[in-house]
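One structure is given below, encoded as structure tokens.
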2 protein chains.
Amino acid sequence: MKKISIKKGEFLQKSGDLNTKVYHVQSGLLRSYIIDEKGKEHIFSFAPENWVIAGSLPPEVPADLYIDAIENSVVLVVNKDIRLEGKNAGALIRRIAVLQKRVIMLMSDSALKRYEHFIQTYPDIVKRVPQKMIASYLGITPEALSKVKNERNRNH
Amino acid sequence: MKKISIKKGEFLQKSGDLNTKVYHVQSGLLRSYIIDEKGKEHIFSFAPENWVIAGSLPPEVPADLYIDAIENSVVLVVNKDIRLEGKNAGALIRRIAVLQKRVIMLMSDSALKRYEHFIQTYPDIVKRVPQKMIASYLGITPEALSKVKNERNRNH
DNA sequence: AGTGTGCATTAATCTAGATTAAGAAATCAG
DNA sequence: CTGATTTCTTAATCTAGATTAATGCACACT
């Protein structure tokens with residue numbers, strides 16, 4: 001398994017790439033995101049230490065995500081087939097649970113509730129990432145996030 | 001593996017249930033959904049023939065979804081652990097891909113685009129399900145869906 | 001046949017969050 | 001250290017979609 005060092009701002013994968021890999025983050029912080037037709041970024045996931053981040057599973061399909069480094073990072077390139085084995089299936093199921101909750105939140109919760117959920121689920125990421133990326137992950141603009149935070153402080 | 005017949009409107013599972021199962025639909029049509037604190041339904045997934053539908057994976061966690069029948073249906077109760085084996089891992093990965101696309105669509109696409117995507121991805125479901133359920137799946141109100149369809153017809 | 005009850009549509013109004021713009025604060029490059 | 005480029009915030013305006021409400025339909029039922 002190859003170990004890769006990647007500097008802040010560098011890409012691990014771009015949308016359209018074939019033969020994508022799965023990466024296990026050893027240190028640092030990565031993100032995956034799409035760029036829509038208006039050129040706007042939408043962050044799909046953050047991956048700090050000990051998380052896994054992947055382009056498109058299955059790997060024979062072109063990636064629809066960009067992956068780049070928010071901090072200087074070291075990642076392990078995981079052999080793709082490991083995903084399918086024993087304890088890794090557990091990780092897949094956890095991933096599905098997280099995605100399911102995210103879909104439900106996007107359908108039914110306000111920006112404020114999504115933000116509350118985010119900061120209490122990923123408190124460390126909140127501190128390490130610029131606001132505009134949090135907004136992007138929540139599916140709102142940075143301006144809207146500013147408003148939300150204000151409102152939140154008012155009702156301390 | 002038990003086979004169960006379930007009539008239109010009956011429940012297979014309710015939010016809060018423990019020890020949830022995975023169901024393989026043999027005939028008919030099911031849906032899974034949440035009810036938010038305002039009492040509003042949000043459909044998480046439809047499951048026609050040959051699809052699988054599940055409450056919370058993992059099964060030891062209380063279900064957060066309701067599952068009921070939109071048509072009279074017959075389902076197979078799947079032994080939970082089958083999920084983790086061989087070819088079923090492929091199904092998990094496909095499920096993740098679908099969820100990923102859904103998250104991205106909810107974050108970046110308009111109601112119109114989500115509707116277009118839905119009717120061309122699930123053309124048979126469109127015909128079998130009331131409009132309000134399609135709206136609920138798309139994350140909009142039935143009124144908004146009516147508008148969208150109108151607009152769509154105008155630009156035939 | 002009549003009479004509910006739920007579904008779909010239209011229209012009027014309202015609102016969360018988008019967009020645009022501009023200034024202040026932070027970060028970066030040389 | 002310093003100017004330049006990003007980031008964050010505030011404020012004004014705009015808009016997609018929510019809410020509310022009314023109407024017409026298609027069914028079930030007794």
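In what follows, chains carry the letters A, B, and so on, assigned in the order in which the sequence lines appear, proteins first and then strands, with residues in each chain numbered from 1.
The interatomic distance linking Met107(A) (CE) with dA18(D) (P) rounds to 12 Å, in whole Å. When rounded to the nearest whole Å, the span between CG of Asn153(B) and C1' of dT9(C) equals 13 Å. As rounded to whole Å, 10 Å separates atom C1' of dG17(D) from atom CZ of Arg114(B). If you measure from atom OH of Tyr115(A) to atom P of dA16(C), you get 19 Å, rounded to the nearest angstrom. Atom C1' of nucleotide dC7(C) and atom CD1 of Ile70(B) are separated by 15 Å, given to the nearest angstrom. Across the protein-nucleic acid pair, Leu112(A) atom CG and dA16(C) atom C1' stand 12 Å apart, rounded to whole Å. Rounded to whole Å, the distance from CG on Asp109(B) to P on dG17(D) is 10 Å. Taking atom CG on Leu106(A) and atom C1' on dA16(C), their separation rounds to 15 Å, with Å as the unit.
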Measure all distances between protein nitrogen or oxygen atoms and nitrogen or oxygen atoms of nucleotides 28-30 of chain C, and list the pairs falling under 3.5 Å.
{"unit_1": "dC28(C)", "atom_1": "OP1", "unit_2": "Lys8(A)", "atom_2": "NZ", "d": "3.2"}

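For the helix from dA1(C)-dT30(D) to dG30(C)-dC1(D), the angle separating the two terminal helix axes comes to 50°, with each axis derived from five pairs and the value rounded to 10°.
Between Asn150(A) and dT9(D) there is no side-chain N or O to OP1 or OP2 distance below 4.0 Å.
In terms of heavy atoms, Lys101(A) sits closest to His117(A) at CD-NE2, 3.7 Å. Taking all atoms of both residues into account, the shortest heavy-atom contact from Ser32(B) to Ile67(B) is CB-CG1, 3.9 Å. Residues Ala111(A) and Val148(A) share a closest heavy-atom pair of CB-CG2, 4.1 Å. Heavy-atom minimum distance, Leu106(B) versus Arg114(B): CD2-NE, 3.9 Å.
Contacts with DNA chain D (heavy atom under 4.0 Å) in residues 124-149 of chain A: Pro130(A), Gln131(A), Lys132(A), Glu143(A), Ser146(A), Lys149(A), listed by number.
Taking Phe44(A) as the reference, nothing meets the ring-ring contact (aromatic ring centres under 6.0 Å, His included) condition, with sequence neighbours excluded.
By the 4.5 Å heavy-atom criterion applied to side chains, Leu138(B) and Tyr115(B) are counted as neighbours.
Here Val74(A) sits alone; no ILVMFWY side chain lies under 4.5 Å from its own, so it joins no hydrophobic cluster.
At the heavy-atom level, Lys38(B) lies nowhere under 4.0 Å from the strands shown.
For residues 30-46 of chain B, the salt bridge (Lys or Arg N to Asp or Glu O under 4.0 Å) pairs, not counting sequence neighbours, are Lys113(A)-Glu37(B), Arg31(B)-Glu41(B), Arg31(B)-Asp68(B).
A centroid separation of less than 6.0 Å is found between the aromatic rings of Phe46(A) and Tyr137(A).
No side-chain donor from either of Lys21(A) and Gln13(A) sits under 3.5 Å from a side-chain acceptor of the other.
Note on Lys127(B) versus Glu71(B): no salt bridge recorded, every NZ/NE/NH1/NH2 to OD/OE distance being 4.0 Å or above.
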